[in-house]
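Below is one structure, written out as C-alpha coordinates; comments come after it.
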Amino acid sequence: MVDAVLVSLHDVALMLIPTLGAICLVLLIMILYRVYKVVKDLPATIHKVDDVIDSTKKSVDLLDAPLNTLGNVSKTVDKVNDSAVSAVNKSMNFAVDMFKNYAEKKANKEEIYETDEEDFGVYE
(Lines give C-alpha, C1' and ligand atoms only; values in the text may rest on other atoms or scores of the structure.)
Protein backbone atom coordinates (compact mmCIF):
# COMPACT_ATOMS: atom_id res chain seq x y z
CA MET A 1 0.00 0.00 0.00
CA VAL A 2 2.79 2.46 0.89
CA ASP A 3 4.49 1.54 -2.34
CA ALA A 4 1.37 2.35 -4.32
CA VAL A 5 1.05 5.78 -2.64
CA LEU A 6 4.68 6.56 -3.33
CA VAL A 7 4.37 5.52 -6.95
CA SER A 8 1.27 7.66 -7.48
CA LEU A 9 3.00 10.68 -5.78
CA HIS A 10 5.96 10.11 -8.09
CA ASP A 11 3.69 10.17 -11.15
CA VAL A 12 1.94 13.37 -9.95
CA ALA A 13 5.29 15.02 -9.20
CA LEU A 14 6.56 14.14 -12.66
CA MET A 15 3.62 16.03 -14.17
CA LEU A 16 3.51 18.98 -11.73
CA ILE A 17 7.21 19.86 -11.45
CA PRO A 18 7.67 20.82 -15.13
CA THR A 19 4.39 22.75 -15.11
CA LEU A 20 5.29 24.64 -11.91
CA GLY A 21 8.78 25.27 -13.28
CA ALA A 22 7.33 26.75 -16.46
CA ILE A 23 4.97 28.99 -14.43
CA CYS A 24 7.89 30.19 -12.25
CA LEU A 25 9.98 30.82 -15.36
CA VAL A 26 7.19 32.91 -16.92
CA LEU A 27 6.84 34.93 -13.69
CA LEU A 28 10.60 35.46 -13.53
CA ILE A 29 10.61 36.64 -17.17
CA MET A 30 7.77 39.10 -16.40
CA ILE A 31 9.65 40.47 -13.38
CA LEU A 32 12.88 40.83 -15.37
CA TYR A 33 11.00 42.58 -18.20
CA ARG A 34 9.54 45.13 -15.76
CA VAL A 35 12.99 45.72 -14.26
CA TYR A 36 14.33 46.19 -17.81
CA LYS A 37 11.61 48.78 -18.56
CA VAL A 38 12.38 50.67 -15.35
CA VAL A 39 16.11 50.72 -16.09
CA LYS A 40 15.41 51.73 -19.71
CA ASP A 41 13.17 54.65 -18.61
CA LEU A 42 15.59 55.75 -15.88
CA PRO A 43 17.59 58.27 -17.98
CA ALA A 44 14.38 59.96 -19.18
CA THR A 45 13.10 60.13 -15.62
CA ILE A 46 16.39 61.57 -14.39
CA HIS A 47 16.28 64.15 -17.22
CA LYS A 48 12.76 65.17 -16.13
CA VAL A 49 13.91 65.48 -12.53
CA ASP A 50 16.82 67.66 -13.66
CA ASP A 51 14.39 69.89 -15.56
CA VAL A 52 12.20 70.21 -12.46
CA ILE A 53 15.24 71.05 -10.32
CA ASP A 54 16.38 73.69 -12.85
CA SER A 55 12.88 75.20 -12.96
CA THR A 56 12.77 75.30 -9.17
CA LYS A 57 16.18 76.98 -9.05
CA LYS A 58 15.00 79.63 -11.52
CA SER A 59 11.89 80.25 -9.42
CA VAL A 60 14.00 80.62 -6.29
CA ASP A 61 16.32 83.02 -8.11
CA LEU A 62 13.29 85.09 -9.19
CA LEU A 63 12.14 85.25 -5.57
CA ASP A 64 15.55 86.31 -4.31
CA ALA A 65 15.18 90.01 -5.20
CA PRO A 66 11.72 90.45 -3.63
CA LEU A 67 12.90 88.62 -0.53
CA ASN A 68 15.88 90.96 -0.25
CA THR A 69 13.54 93.93 -0.64
CA LEU A 70 11.27 92.52 2.03
CA GLY A 71 14.27 92.06 4.32
CA ASN A 72 15.33 95.67 3.75
CA VAL A 73 11.80 96.92 4.45
CA SER A 74 11.72 94.85 7.62
CA LYS A 75 15.03 96.38 8.75
CA THR A 76 13.67 99.86 8.01
CA VAL A 77 10.52 99.17 10.00
CA ASP A 78 12.68 97.93 12.88
CA LYS A 79 14.74 101.14 12.76
CA VAL A 80 11.60 103.30 12.73
CA ASN A 81 10.22 101.32 15.65
CA ASP A 82 13.46 101.71 17.58
CA SER A 83 13.47 105.47 16.86
CA ALA A 84 9.86 105.81 17.98
CA VAL A 85 10.54 103.90 21.19
CA SER A 86 13.61 106.03 21.83
CA ALA A 87 11.67 109.25 21.21
CA VAL A 88 8.86 108.20 23.55
CA ASN A 89 11.36 107.18 26.23
CA LYS A 90 13.20 110.49 25.92
CA SER A 91 9.99 112.52 26.06
CA MET A 92 8.79 110.54 29.09
CA ASN A 93 12.14 111.07 30.82
CA PHE A 94 11.93 114.79 30.00
CA ALA A 95 8.37 115.01 31.38
CA VAL A 96 9.36 113.13 34.55
CA ASP A 97 12.39 115.37 35.03
CA MET A 98 10.27 118.49 34.52
CA PHE A 99 7.71 117.21 37.02
CA LYS A 100 10.46 116.43 39.54
CA ASN A 101 11.98 119.91 39.06
CA TYR A 102 8.58 121.52 39.46
CA ALA A 103 7.88 119.51 42.59
CA GLU A 104 11.31 120.38 44.04
CA LYS A 105 10.84 124.08 43.24
CA LYS A 106 7.41 124.10 44.81
CA ALA A 107 8.77 122.34 47.92
CA ASN A 108 11.65 124.86 48.11
CA LYS A 109 9.23 127.81 47.80
CA GLU A 110 7.16 126.49 50.69
CA GLU A 111 10.36 126.17 52.70
CA ILE A 112 11.33 129.70 51.70
CA TYR A 113 7.96 131.00 52.83
CA GLU A 114 8.30 129.16 56.09
CA THR A 115 11.85 130.35 56.71
CA ASP A 116 11.25 133.92 55.54
CA GLU A 117 8.95 134.76 58.41
CA GLU A 118 10.42 137.63 60.32
CA ASP A 119 10.27 137.98 64.03
CA PHE A 120 9.13 141.51 64.88
CA GLY A 121 9.30 140.92 68.56
CA VAL A 122 5.62 141.34 69.08
CA TYR A 123 4.12 138.62 71.16
CA GLU A 124 0.70 138.42 72.48
Side-chain angles (χ1 to χ4, degrees):
M1 171 143 161
V2 175
D3 290 336
V5 172
L6 288 176
V7 170
S8 66
L9 283 176
H10 180 276
D11 292 337
V12 171
L14 285 176
M15 286 192 288
L16 285 179
I17 287 179
T19 307
L20 290 175
I23 292 171
C24 288
L25 188 60
V26 169
L27 289 174
L28 181 64
I29 288 171
M30 288 174 57
I31 291 171
L32 288 176
Y33 179 71
R34 288 192 181 180
V35 169
Y36 170 74
K37 281 179 51 177
V38 168
V39 170
K40 184 180 175 184
D41 293 339
L42 194 61
T45 305
I46 289 174
H47 182 69
K48 288 178 184 177
V49 169
D50 286 341
D51 289 343
V52 169
I53 289 173
D54 291 340
S55 172
T56 305
K57 186 177 182 319
K58 288 177 185 176
S59 297
V60 169
D61 289 342
L62 288 174
L63 288 175
D64 193 32
L67 287 175
N68 286 338
T69 302
L70 186 62
N72 291 338
V73 168
S74 175
K75 290 176 186 174
T76 303
V77 168
D78 289 341
K79 287 180 182 179
V80 168
N81 183 35
D82 292 342
S83 298
V85 167
S86 176
V88 168
N89 285 339
K90 286 180 182 178
S91 64
M92 289 303 295
N93 288 338
F94 178 75
V96 168
D97 289 342
M98 291 299 292
F99 181 73
K100 284 181 183 177
N101 289 340
Y102 175 75
E104 288 175 3
K105 285 181 183 178
K106 187 167 179 150
N108 287 339
K109 282 184 181 179
E110 288 177 3
E111 289 176 9
I112 290 173
Y113 291 134
E114 291 175 7
T115 57
D116 283 346
E117 292 180 8
E118 293 184 20
D119 186 17
F120 293 113
V122 179
Y123 297 102
E124 286 187 44

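Sequential numbering from 1 along the given sequence is applied to the chain's residues.
- The shortest distance between side-chain heavy atoms of V26 and M30 falls below 4.5 Å.
- Residues satisfying the side chain to side chain contact (heavy atoms under 4.5 Å, CB included) test with V5, not counting sequence neighbours, are L9.
- The CG atom of N72 lies 11.0 Å from the CG atom of L67; values are rounded to the nearest 0.5 Å.
- The backbone N or O of V52 lies less than 3.5 Å from a partner atom in the side chain of T56, making a donor-acceptor pair.
- The backbone N or O of N89 lies less than 3.5 Å from a partner atom in the side chain of N93, making a donor-acceptor pair.
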Q) Going through the distances and angles, do H47 and D51 end up as a side-chain contact (heavy atoms from CB on, under 4.5 Å)? A) CA-CA 6 Å; H47 182 69; D51 289 343; 3.5 Å; yes

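- Distance CG/D50 to NZ/K57: 13.5 Å, rounded to 0.5 Å.
- For the atom pair CZ (F99) and NZ (K106), the distance works out to 10.0 Å, reported to the nearest 0.5 Å.
- Under the 4.0 Å criterion applied to side-chain N and carboxylate O atoms, D54 and K58 are not assigned as salt-bridge partners.
- If you take CG on L20 and CE on M15, they are separated by 12.0 Å, rounding to the nearest 0.5 Å.
- In the hydrophobic clustering, I46 connects to L42, either directly or through intervening members, whenever side-chain heavy atoms lie under 4.5 Å apart.
- With rounding to the nearest 0.5 angstrom, the CG atom of L6 is 11.0 Å from the CG atom of D11.
- Considering I31, L27, L25 as possible partners of I29, the one that fulfils the side chain to side chain contact (heavy atoms under 4.5 Å, CB included) test is L25.
- Judged by distance alone, with hydrogens and angles left aside, the side-chain atoms of S91 form a donor-acceptor pair with the main-chain N or O of A87 at under 3.5 Å.
- Pairing each heavy atom of P18 with each of A13, the nearest pair is CD-O, 4.2 Å.
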